[in-house]
Amino acid sequence: MPSATPASAASAPDIDSFRYLNPNKDRRVAIITGGNSGIGFFTVLHLYLHGYIIYIAGRTKFQFSKLGKELHLKAMQIRQQYQPQELLQERYLGELNYLELDMTNLQSIIRAVESFKYREDYLHLLINNAEVIALPYTLTQDNFDIQLQTDFIAPFLLTMKLLPILERTSDEFPDIENPRVIYLSSTGHRFAIKSFNLSSPMNYRLDFIFTWLRYGIAKTAGIHFMKMLSLRNPKILFLCIHPGFAMNTDLFTFWTSLPIIGVLFWCFFKTFAWFLGITSEQGATKVLRTSLNPNLTVEENNGKYYDSQGREAQPSRVASNMDYAARTWIWTIRELNERGIKLHEV
Ligand SMILES: NC(=O)c1ccc[n+]([C@@H]2O[C@H](COP(=O)([O-])OP(=O)(O)OC[C@H]3O[C@@H](n4cnc5c(N)ncnc54)[C@H](OP(=O)(O)O)[C@@H]3O)[C@@H](O)[C@H]2O)c1
């Protein structure tokens, strides 16, 4: 069972101190969405170095073999630097696998879960990392705004579909930490205003500005959902994290590539990064601290939100409001039902 020491961020240890697994003896399986770039890439790299069996869930299958080679090469370079070199005998690389999934297509998520269940019996770690930011209002084939679907509805569905396997893992491995679900939130969830309503037509007015509001709404809904799950599923640890501002990722490409005004955004993001930015690898370190720290437990930490320093933090009032959280839950289940998607856990 998990260690009893309550942890918060101040005690956030170096990721090197987390256990390095031998996948032949201790097979721990992780899924990460959007592991092919930015923070996700470095999260995968370090999980791989720690011996995890990783499923990189993404829509770019043709890139996966190139990605796998790049990750392996980087991992080997890091291993060369281990001091002392004897560490190589006790540290093993994990395994890299691809799981086809497009967050803008709910059926592809259901198929991905089926494919995963066919390949694995257990799941120890799910990292909901993939997202888009502040895109213009666009409807997906499932008839949701692209941002709401990618950043909230899709992680919701993926997690809900994986709950049975996460629970089974908890039952089968009572002597190790409870399985975890990590949701990469953002301090941008604070853009969601007090009159929080997922279906309000106001969310879709003044597209250019309200796109940031929609981002805040999607990220707030993500926090709601994790809080609700933490109450309903005590066998699994649900955590949200703001990884910090990694401005060198692909997240802001839409804004920096706009004609003319994109230059202004580029200058703004660069200046912002100069003062407050971190690298993608530093962002991944924060994610790994919540993903692997054995001192975070379901008893002490379930449903909590961590800031970029790894400290336990209070999300916005809207995100902390459990009435809103319940409303988000009911709204989402109903919307999925209307699209013919039934969830066993409602
Ligand atoms: N970077 C920051 O400053 C910052 C700040 C706060 C929070 N965060 C959070 O950190 C996480 C990672 O951000 P990042 O900066 O590393 O982003 P990023 O470099 O843009 O990576 C986003 C990932 O999401 C994937 N993705 C987007 N749409 C998808 C879809 N429809 N289906 C499958 N995958 C899709 C992308 O895959 P493709 O390559 O296929 O597009 C990519 O791998 C996000 O959840 C973000 O909210 C980041």
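Every number for a ligand or one of its atoms is a count from 1 in the order of the listing.
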Whether T33 lies under 4.0 Å from ligand 1, heavy atom: no
Contacting atoms of ligand 1, where contact means under 4.0 angstrom from a heavy atom of A130: 24 (O), 25 (C), 26 (N), 34 (N), 35 (C)
Salt bridge flag under 4.0 Å for residues K74 and E70: no
Contacting atoms of ligand 1, where contact means under 4.0 angstrom from a heavy atom of I39: 10 (O), 16 (O), 48 (C)
Enumerated ligand 1 atoms positioned under 4.0 Å from heavy atoms of T104: 31 (N)
N/O separation below 3.5 Å, A246 to ligand 1: yes
Per-residue contact class, A57 against ligand 1 - non-hydrogen pairs under 4.0 Å: neither
Plane angle bin for Y98 and F64 - parallel if under 30°, tilted between 30 and 60°, otherwise perpendicular: tilted
From N36, V287, I127 - option closest to atom 37 (O) of ligand 1 by heavy atom: N36
N-O pairing of E131 and K219 below 4.0 Å: yes
Ring geometry between W212 and Y215 (parallel below 30°, tilted from 30 to 60°, perpendicular above 60°): perpendicular
Pair Y48-H72, side-chain donor/acceptor within less than 3.5 Å: yes
H50 side chain vs R91 backbone, donor-acceptor pair below 3.5 Å: no
Within-shell test, S37 vs ligand 1, heavy atom, strictly < 4.0 Å: yes
Aromatic ring pairing F116/Y55, orientation class (parallel under 30°, perpendicular over 60°, tilted between): perpendicular
Worked check of ring-ring contact (aromatic ring centres under 6.0 Å, His included) between F156 and W329: CA-CA 9 Å; F156 180 100; W329 180 274; 5.5 Å; yes
Contact atoms of ligand 1, heavy-atom distance to H242 under 4.0 Å: 6 (C)
G188 to ligand 1, any heavy atom closer than 4.0 Å: no
Lys/Arg N to Asp/Glu carboxylate O, K304 vs E312, below 4.0 Å: yes
Residues E114, K117: salt bridge by 4.0 Å N-O rule: yes
Closest to atom 4 (C) of ligand 1 (judged by heavy-atom distance), picking from G244, S186, G277: G244
ILVMFWY network linking F225 to Y305, side-chain heavy atoms under 4.5 angstrom: no
T187-ligand 1 polar pair, N/O distance under 3.5 Å: no
Close-contact set for ligand 1 against F245 heavy atoms, below 4.0 Å: 3 (O)
Which of the ligand 1 atoms, numbered from 1, are nearer than 4.0 Å to a heavy atom of G38: 16 (O), 19 (O)
Min N/O separation V132 to ligand 1 under 3.5 Å: no
Pairing of D307 and K286 as salt bridge, 4.0 angstrom limit: no
Within reach of ligand 1, part of T60 (heavy-atom separation under 4.0 Å): side chain
K219 heavy atom under 4.0 Å from ligand 1: yes
Those atoms of ligand 1 less than 4.0 Å from some heavy atom in N129: 11 (C), 12 (C), 44 (C), 45 (O)
Proximal ligand 1 atoms for Y215, defined as those under 4.0 Å from one of its heavy atoms: 47 (O)
